[in-house]
Amino acid sequence: MIRNMLAILLLIGFCFAGLTVSSYNVSQESFKPGSNGIITLTVASSSTTDDLISGVNMQTIAPPEIVIASKQTIGDLEPGASTIISLPFQVASDAQSEIYVVKFEISGIADDPMGGYDMFTRRVSVPVTVLQPPILGFATDKQTISNVDELNLTVSNNGGPATNIRISIPETSSISLYGKDEIYIAMIEDAVTTSVMVDARDATDGSINIPFDVEYEDELGIVHSYSTKLRMTVRSEQLDLGITQKSEIYTRSESTLTLEVSNNGAETLEDVRLNFQNSSLKLKEEDEYKFGDLEPGESASVSLLVFTDLTPGLNLIEAELEWIEKDLLKSESRNVPITVTSDADVAVYLEAKPIPLTRGAEHTISVLVSNLGSYGIENVDVSLSSSVLQPLDISEKQYIGGLQRDDFSTVQFLVKVNATEVGSYPTYITINYRDQSGEWKQKQLIQSISVYDGVVEEQSPLPLMVGILLLVVIIWYFKFRKKK
């Protein structure tokens, strides 16, 4: 009810007011000291009669910081007519930042139906904002960032003071602030430098524009916001940490794997850990390798029991490295080279023909080589040597070639036994081969051989005499008896 009454009274006031200022405009939101501007007013006759408003003029009352014409003649206004008045002004060069009010008084005369005249006066106040606006700029102490990185962000101000500055990076950016959602600076008059952590792990390598959303208040308390960009380069961080295998591990068996890490960088690395991601290499007693803290140039070794069914040879095993650097937890994926040794092994068996081995006699020694490992072996050759065996072959080695798993092959050596006495003598069998990993291996076995005397023992004469007698009887029977 009260609101409706106020609206009716305001409408009545407009109907009989005679003069109105229907609108005003200032050419800029704010003005620097020494700058120029324009105030525009729209003056109208709101008379509902046919009376002309004549002699309309305008008086200006302005503070000394705003230099503007003090008088302005408008002229006559027909009923319902309006006119636009533009008033240029200048802000004094020594004006302080403030909102200045320029007052306008507009007056005119209209004939009274009773034979007299009426004086109309309208007053309006127009605010003019004088401000030295902040001009913010951004710079960093480094042009390249990697992973989670720390940089010093310098915000400079080439204008008026700025307060309550808030700086953030939009969520749509591949780079984000680390550990906070915005950077807050209470005031910047000249420049302020602040330490900032940025996360570039989702960004691709190369040049990138980092977007910043900036919000601040000027010295009049007016809030401003805008967006800007800072050009930088993203480069993936390479951890300068060497990993070396210091022990052999064998396929399909439990082995002790010793790894040594060396900090070749310039920063101290704390709580260095390595975790293999490949299920073909399993740690038996621990979950991960823990190397502890490493100063620059320092190394550490850790030995753990592992089981692997990786193929023999060099394998690149995917692993995850974690460490703390400058109180920040960092991580990196790394392919660690691990050499797996084959479980290749061989067994030998000796056989001689004729037997037994006798002094001064020639014999053929057969050497059977069997592959006991899980994988095939290649380029197998066998050599045989003993102080009591003189080789009679052209070569002291015999070549077999390849042996698959559980396979075997036999080679022969022709020898002469040159032992001076009977007894047992050591014989050396050497097998050379290349395993599945491509490494050359050699295995030497020692077996004892028994040498016997080569002189035949004297036999009893009785069997010989019996044989001669038997022969005489046979001759007598077939010759003399038949003749008789």
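Computed from a predicted structure; not experimentally measured.
Between the side chains of Asn371 and Asp407, no donor N or O sits under 3.5 Å from an acceptor N or O. When only modelled atom types and interatomic distance are considered, Ser280 and Thr308 share no side-chain donor-acceptor pair under 3.5 Å. Side-chain atoms of Gln444 and Thr430 form a donor-acceptor pair, as typed in the model, at a separation below 3.5 Å. The closest side-chain donor-acceptor pair between Ser82 and Thr42, if any, does not fall under 3.5 angstrom. For the 3.5 Å distance criterion, the side chains of Ser385 and Glu396 fail to qualify, holding no donor opposite an acceptor.
With Asp218 as the partner, the side-chain contact (heavy atoms from CB on, under 4.5 Å) test is satisfied by one option alone out of Pro133, Pro134, Pro161: Pro134.
At least one side-chain heavy atom of Glu105 sits under 4.5 Å from a side-chain heavy atom of Thr121.
Ring orientation note: the planes of Phe138 and Phe212 are close to parallel, at an angle under 30° on the 30°/60° scale.
Screening residues 128-145 for side-chain hydrogen bond (donor to acceptor under 3.5 Å, both in side chains), with sequence neighbours left out, gives Asp141-Asn152, Lys142-Asp149.
The minimum heavy-atom distance between Ile38 and Ser86, with the atom names listed, is CG2-CB, 4.0 Å. Nearest heavy atom pair, residue Ile429 against residue Val382, reads CG2-CG1, 3.8 Å.
Proximity of a side-chain donor or acceptor of Asp76 to a complementary backbone N or O of Gly55 within less than 3.5 Å is detected.
Close placement of the Phe89 and Phe31 rings is indicated, their centers lying within 6.0 Å of each other.
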